[in-house]
Structure formats: C-alpha cells, structure tokens
Amino acid sequence: MFALLYEGGFGLLSAHFLSRAPAAARLESGLVALHPVEVLLFQMEISTIVAVVVVAPLCAYYAWPALIDRGLVRGRRRTVLVWTGGLVATFLVATIAGYLYVAPAMLSYLISDALRAGLVVSYRIDRVAWLVVYTTVGVGVLACIPVAMWLLHRAGSVSYRGCRERWRGS
C-alpha cells in the first residue's frame with residue numbers, strides 16, 4: 001500500500017477527488033504541504049492502518065480453535081463467516097459510495113461556503129486527506145448498522161421490533 005501511494009497513487013487520488021469539486025473551488029483553493037515529509041507521513045499512517053485491517057482476519061482465523069477452547073467464541077464458523085462477509089461487503093460498498101459521492105459533496109460545500117464568505121482557501125494535505133478518510137469510513141460504518149440489525153433479527157438474537165424500539169436512547 002505504501003509503495004502504491006508513494007509511486008503516484010496519492011497524487012492520482014488527490015487529482016480524482018479534487019476534480020469532483022466545483023470549478024470555482026478548484027481554481028481558488030489549493031493543497032499546501034507545510035513540510036516535504038508531511039505527505040510521506042500520511043502515506044505511512046494509511047499503510048499501517050490498512051496493514052492492521054488486512055492482517056486481523058488472518059489472525060482471527062488461526063486463533064479460532066484457541067478461542068473456542070477457552071469459551072470466548074460460540075457458534076459455527078460458517079455463521080461467523082456469513083456475518084463477517086456481509087458486514088465487510090456492506091462496509092466496502094458504502095465506503096466506495098462515500099468516497100465517490102458523499103465526501104466530494106461535503107468538501108465542495110465547505111469550499112463553496114468559505115469562498116462565498118470571501119476567504120482564501122488553502123488546505124494542508126494531511127488535514128484534507130484525513131477529512132476524506134474519516135468521511136468515507138464513516139459512511140461505511142453507518143451503512144453497517146442496518147445490516148447488523150438485519151443479521152441480528154435473522155439469527156433470532158434480537159427482534160427487529162426490539163432493535164427499532166431501542167435504536168435511540170430516550
């Protein structure tokens with residue numbers, strides 16, 4: 001992941017994302033790197049997060065027998081696989097939709113609002129990148145909530161009516 005971002009992937013992602021902003025916002029705003037290492041540090045942070053996310057299922061797979069022996073996990077592997085697959089697929093699809101539609105719309109709104117107020121808009125690269133990451137991941141997490149509710153209902157753990165009645169604290 002680091003090599004992909006370092007060899008030009010970050011520039012492609014930045015150009016693609018900013019191309020979705022309004023023309024006025026693209027002309028009057030810019031990305032500023034305060035230090036040459038700033039982008040490199042962001043790439044290392046993202047690569048580390050992706051590495052942890054990719055390795056976690058592998059660790060869980062090999063730890064499964066020990067978790068069952070200790071009584072920490074109950075159920076069949078297939079059920080856990082279906083739940084995990086459903087939630088991961090939902091998360092990935094929603095994250096892609098967040099990157100393509102939600103994050104550019106939100107950033108475009110923020111840039112347009114700042115330009116209407118007469119501000120000069122310059123963003124630090126790592127701040128904009130983290131804003132985009134948090135927004136896209138947030139959309140993915142929010143989309144997993146109704147899928148988790150449906151899975152709990154189908155498993156018989158919690159009824160749909162129970163989820164709906166308690167979905168918000170009173």
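Along the sequence shown, residues carry numbers from 1.
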Cluster companions of Val93 among Ile, Leu, Val, Met, Phe, Trp, Tyr (side-chain spacing under 4.5 Å): none
Rounded distance (nearest 0.5 Å) linking atom [atom1] of [X] with atom [atom2] of [Y]:
{"X": "Leu87", "Y": "Leu92", "atom1": "CG", "atom2": "CG", "result": "11.0 Å"}
{"X": "Ile46", "Y": "Leu4", "atom1": "CD1", "atom2": "CG", "result": "12.5 Å"}
{"X": "Leu151", "Y": "His153", "atom1": "CG", "atom2": "NE2", "result": "11.0 Å"}
{"X": "Gln43", "Y": "Phe2", "atom1": "CD", "atom2": "CZ", "result": "5.5 Å"}
{"X": "Thr48", "Y": "Met1", "atom1": "OG1", "atom2": "CE", "result": "11.0 Å"}
{"X": "Met44", "Y": "Leu5", "atom1": "CE", "atom2": "CG", "result": "12.0 Å"}

Do you reckon [X] sits in the same ILVMFWY cluster as [Y], going by side-chain contacts under 4.5 Å, direct or chained?
{"X": "Val102", "Y": "Ile145", "result": "no"}
{"X": "Val139", "Y": "Ile49", "result": "no"}
{"X": "Ile96", "Y": "Leu107", "result": "yes"}
{"X": "Tyr134", "Y": "Tyr101", "result": "yes"}
{"X": "Val137", "Y": "Val54", "result": "yes"}

Closest heavy-atom contact between [X] and [Y]?
{"X": "Arg116", "Y": "Tyr109", "result": "NH2-O, 4.5 Å"}
{"X": "Ala94", "Y": "Gly140", "result": "CB-CA, 3.6 Å"}
{"X": "Pro104", "Y": "Leu100", "result": "CG-O, 3.6 Å"}

Under 3.5 Å: donor-acceptor pair, side chain of Thr136, backbone of Tyr99: no
